[in-house]
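Everything below concerns the one structure shown next.
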Amino acid sequence: MIGAALTALDRELRGAGVALRDRRRVCAEARAHLEDSTAAGGEAEAVAAFGDPGTVARAVAAELAVSSTRRAALAAFAGLSLVGVAYVGLNLLEGLAGAPPDIASGREPLLGVALTAGVALLPQVAFVAGGLALVHAWRIRGQLAGGADLAVLRRRALVGVAAGAATMVALGLRAFEFAPELAGWWAPTTVAACLASLAAIAPAWWLLRRSARPRARDNGRASDVFDDLAPILRLPVVARAHLPVHPWRFAGVCAAGVWAMGFVGGVAGEGAGDGLFFGTVEAAALLLSFALLGRALGLRRAA
Amino acid sequence: MQTEIVRGHVDLLLLASIARSPAHGYGLVEDVRRQSDGAFDLAEGSVYPALYRLEGAGLVSSSWRVVEGRRRREYRLTRAGRSAFRRRAREWTAFSDAMQLALA
């Protein structure tokens, strides 16, 4: 009777998308439980007290969906942190390899401009998506999040990982594009750092794909950026400012902030002209990213 | 005791039981039943999803141990689990005291 119950539990777990290793653990624990329970009473009573295998399997799958998605998102953030260290390090090293090249002076000018733009903008997407994934994973700790919410968390982490990987690919290609203008050691160093960074975030990609297998609980709406910011929005000093909770107004406020930072940075570097240019480009990129990725990243309030 | 009422407090009951002594799933069910004089009769299979949730949140850790010739997975509180248990127990006591006052 215990054997039949465990077979049914294993079948239900498999049907709920639970991986083999987890199924083995759950069934081994269930076997020990049923044997102890049988020793205290009868076998039939033990199986009945344990409960319906389908109900237990669905509950286990829902918990594993949350824990594996959170773990994958945290792994993605950890991998992206290493990418960030490599990115900053390479940017600092570029100064030692020679003067920063004119972005139109590459072997293929259009490609050089595109790669330079990618190297400037993609890390920002990775930073925002990875940061949102980290906050989201922290926020739902100990909770039984539903499938829709976990899907948003996975998308945030996947977008972060994809943008981080694209940054490193762009950085590696850019090193070859501008190789004639920089020291000989620059291109191989950059490629080595990029390959190491890609290797650092590859496990997160695999974990994220794997975390989608256990069937999550079908409950509740997907959360959004206003849920992430709720602890900040509730602070009295912030609440008094009446910040907009409409997604596009919120994006407008963020774009204005980014424009101001770009403007100040440009003015400090080359002058007001550059300040206007960089501020406008950054703000436009933010609004474009919001339009393209807002729904995927859960930046817009869920219906 | 109504199942729905108990279900909302399974995490705290398990943390309390593990705080008394590290144990395996069946041992925890028995301990909760014994400590509550049989009032809290947990649905036995439902204990494991709750334990996986607590483990995922870093409040408990687990490992296989052989006890009396039988292999069992034993759960124990982590440092975060101990402080979470103390905090939740305080919250529950305050709620319970207020409820008793309100119902008097």
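Numbers restart at 1 for each chain; the letters A, B, ... are given by sequence-line order, proteins then strands. Both backbone and side-chain heavy atoms feed into the values below; hydrogens, waters and symmetry mates do not.
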| Which answer fits A:A62, side chain, backbone, both or neither, if we ask what part of it has an atom under 4.5 Å from a heavy atom of chain B? | neither
| query | Is A:W138 atom CH2 crowded by more than 12 heavy atoms from other residues, nucleotides or ligands, each under 6.0 Å away? | reply | no
| Polar contact flag, side-chain donor to acceptor under 3.5 angstrom, A:D227-A:H136 | no
| task | Look up atom CZ in A:R23 and atom CG in A:L13, then write down how far apart they are to the nearest 0.5 Å. | result | 7.5 Å
| request: Between chain B and each of A:V66, A:V60, A:T55, count heavy-atom pairs under 4.5 Å; write down the option with the most. | output: A:V60
| said: Return the CZ to CG distance between A:R139 and A:L229, rounded to the nearest 0.5 Å. | reply: 9.5 Å
| field | Interface residues of residues 17-35 of chain B facing chain A - heavy atom cut-off under 4.5 Å | value | B:H24, B:G25, B:Y26, B:V29
| Where A:C27 and A:L6 come nearest, the two heavy atoms and their spacing | O-CD2, 3.7 Å
| task | Output the option from A:S68, A:A49, A:G51 having the highest count of non-hydrogen pairs under 4.5 Å with chain B. | result | A:A49
| note | Closest non-hydrogen contact found for A:G164 with A:L80 is CA-CD2, 3.9 Å
| Donor-acceptor contact present, side-chain A:R155 to main-chain A:L297, <3.5 Å | no
| task | Please indicate whether B:R65 has more than 12 foreign heavy atoms, meaning atoms of other residues, nucleotides or ligands, lying under 6.0 Å from its CZ. | result | no
| said: Heavy atom to heavy atom, less than 4.5 Å: which residues from residues 73-104 of chain B reach chain A? | reply: B:R73, B:Y75
| request: Check whether A:R71 gets within reach of chain B through its side chain, its backbone, both or neither, counting any heavy atom under 4.5 Å. | output: neither
| query | Do the charged groups of B:R70 and A:D36 touch, with an N to O distance under 4.0 Å? | reply | yes
| Any idea which of A:S67, A:A59, A:A32 has the most non-hydrogen atom pairs under 4.5 angstrom with chain B? | A:A59
| message | Can you tell me how far apart CG (B:L15) and CG (B:L59) are? Round to the nearest 0.5 Å. | response | 6.0 Å
| task | Return yes if some donor-acceptor pair links the side-chain N/O of A:E43 with the main-chain N/O of A:A39 below 3.5 Å, else return no. | result | no
| said: Side chains of B:S62 and B:E55: any donor to acceptor distance under 3.5 Å? | reply: yes
